[in-house]
Amino acid sequence: MTTTDKDRVVIFDTTLRDGEQSPGATMTHDEKLEIAELLDDMGVDIIEAGFPIASEGDFRAVSEIAQRSKSAVICGLARAQLPDIDRCWEAVKHAKQPRIHTFIGTSPLHRAIPNLTQDEMADRIEQTVTHARNLCDNVQWSPMDATRTEWDYLCRVVEIAIKAGATTINIPDTVGYTAPVESADLIRRLIETVPDADEVIFATHCHNDLGMATANALAAVQGGARQIECTINGLGERAGNTALEEVVMALKVRGDIMPYTTGIDTKKIMHISRRVATVSGFPVQFNKAIVGKNAFAHESGIHQDGMLKNAETFEIMRPEDVGLSGTSLPLGKHSGRAALRAKLRELGTEVGDNQLKDIFVRFKDLADRKKEVFDDDILALVTATTEGDDALQLVNLKVVCGTGGPAEATLEMEIDGEDMSAVCEGDGPVDATFKAIRMLHPNKARLQLYQVHAVTEGTDAQATVSVRLEEDGMIATGQSADTDTVVASAKAYIHALNRLIVRRGKTGKDVKEISYRDVT
Ligand code: KIV
Ligand code: ZN
């Protein structure tokens, strides 16, 4: 079956907006820029870079992403209010191809929040979409909670938005309520019913509350949608959004029944998945489709036997198609810095000279301690690299623990250039260590999440630890990796504290004052 332009599906990535909005997934400014660049390089058509009116930080991130954009359209989100739309335009206007995305909740439940009648809301939609279109040629409009909006009213407001100049109509399943058969039907009927529907692109935006986000998005495409809104690793509000890697690979592998194409370079999937997991502090579940650690692992004897004879027996796609090499690192403790840089490049990671120096020291240390160093170990070292100018640095840690008594941590830290030490007891080695850190750097940050993962196999495997802290509404995630789990935990905790210090210092209380749910 051949495909034509009408079968090209536009990939709209909202990792930096809907994804970042998910509690605890906050990314720093530099991390947002890095992810945007990776998305652009992998062929994402549209990047929703943030919600410019939400905070000064969001505004700065969207403007800078817009200024640095290469091929992707850069989009910002705005509520149905003129100041929101103006602020959004201010941020995206620097892009080679800017887009304003404005929305309002149209279902009865959502109309009740700003207390607008159907007519009043219809007027607001006409006014705001017209305003957006006067600023920008490329305007997307979304009736939030479309899948629970009365059919007649949905048709009416979509028609108004098209007449007012919207170029893309997005149909969100905001609460992840719809099912695939309905998803296809809704888009199909809208295209058949609303006048001039063929003048615009219909988009689908699904949430995963019932685990149907990917199926719903693909069904919507079969119903006529030509833009899928998605995120890397399915990051997003509550149970997340449609996962980019899932829809893209589903379209690639099952082109026989879904003859649609995307512009995504699928070989870049694995790298960006790992980077998003790292910077968001949301690890990928082991059995996650496409990007999970086990997605291409074949453990059972029957499977391994089949795989050795013919990989197609148990594999519907090749690991290389998503950028997995699966090889162990042919570098040893005698390898030089140039070889390490070449390996990092092969893994899709570019580092500056200073960072390379730091990673190299850690690599040598690891190669001395660990029998085999795998690609994943190297990527974990990149994650574990801290900035040299951090206010808090771990100098030394010794922990005594065992049965029949509390653990005792002796900790040495450099705080603003000064060496300090503390000894603390705790309920286990990690508790004792965290107490010692708090003794040396008193703070009221609340521990929201503490997670440990083994990077590779074996008792000498590196552990990656994620620590999420919350202080006065600000959230910071720290990460680190080490063959010693307690050392990795201490470094991750200190990393999160350093991030809180930077956020406090640079931006004051840069909390999102406005949420996209504030629809008045
Ligand atoms: O889920 C949703 O409805 C949204 C809109 C803002 C498009 O994210
Ligand atoms: Zn959403």
Side-chain angles (χ1 to χ4, degrees), residues 10-23 25 46-54 58 62 73 75-81 84-85 87-88 92 99-111 113-114 121 124-125 128-129 132 138-149 154 157-158 161 166-178 183 186-187 190 200-214 216-217 220 225 227-244 247 280 512 514-520:
V10 168
I11 296 295
F12 175 109
D13 181 278
T14 183
T15 306
L16 297 173
R17 199 278 297 168
D18 217 327
E20 211 249 350
Q21 227 161 259
S22 130
I46 301 153
I47 299 172
E48 187 163 52
F51 181 23
I53 197 126
D58 263 43
V62 178
V73 172
C75 172
L77 184 69
R79 293 169 303 176
Q81 295 181 16
D84 270 47
I85 293 169
R87 189 81 176 137
C88 180
V92 296
R99 172 181 289 193
I100 297 174
H101 175 194
T102 180
F103 74 99
I104 194 160
T106 50
S107 66
L109 281 165
H110 283 269
R111 287 200 304 268
I113 301 172
M121 185 166 283
R124 172 90 75 91
I125 293 164
T128 48
V129 175
N138 190 337
V139 172
Q140 170 166 329
W141 180 74
S142 297
M144 187 166 73
D145 206 13
T147 52
R148 293 190 301 168
T149 299
L154 185 62
V157 287
V158 168
T167 45
T168 297
I169 299 290
N170 176 37
I171 302 297
D173 181 30
T174 305
V175 290
Y177 177 73
T178 209
S183 180
L186 182 60
I187 301 282
L190 279 169
V200 299
I201 290 204
F202 274 78
T204 175
H205 176 110
C206 304
H207 280 266
N208 205 29
D209 299 66
L210 293 172
M212 295 193 280
T214 295
N216 284 335
Q227 175 177 306
I228 296 181
E229 307 213 352
C230 48
T231 59
I232 301 294
N233 299 340
L235 200 66
E237 289 264 6
R238 306 180 310 279
N241 291 58
T242 300
L244 180 147
V247 283
S280 66
K512 286 199 170 73
I514 296 174
S515 148
Y516 85 110
R517 292 188 214 82
D518 304 332
V519 275
T520 50

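FYI, side chains are in, hydrogens and waters are out, and symmetry mates aren't considered; it's all heavy atoms of this structure. By convention here, the first residue in the shown sequence is residue 1. Each ligand, and each atom within it, is numbered from 1 in the order the structure gives. It should be emphasised that the depicted structure is a prediction, and the values quoted were computed from it without experimental measurement.
- Counted by atom type alone, Thr178 and Asp173 present zero donor-acceptor pairs between their side chains at under 3.5 Å.
- Between the side chains of Gln140 and Glu48, no donor-acceptor pair is found at a separation under 3.5 Å.
- Comparing Arg17, Met144, His207, Gln140 by heavy-atom distance to atom 8 (O) of ligand 1, the nearest is Arg17.
- For ligand 1, the polar-atom distance check finds an N/O of Asp18 within less than 3.5 Å of one of the ligand's N/O atoms.
- The Zn ion (ligand 2) lies closest to atom OD2 when only the N/O/S atoms of Asp18 are considered.
- Remark: ligand 1 and His205 share an N or O pair separated by less than 3.5 Å (distance only, no angle test).
- Between the side chains of Ser183 and Asn216, not a single donor N or O lies within less than 3.5 Å of an accepting N or O.
- An N or O contact shorter than 3.5 Å is missing between Asp145 and ligand 1 by distance.
- The backbone N or O of Leu235 sits nowhere less than 3.5 Å from a side-chain atom of Asn233 that would complete a donor-acceptor pair.
- Side-chain contact annotation: Thr106 with Thr149, donor-acceptor N/O pair under 3.5 Å present.
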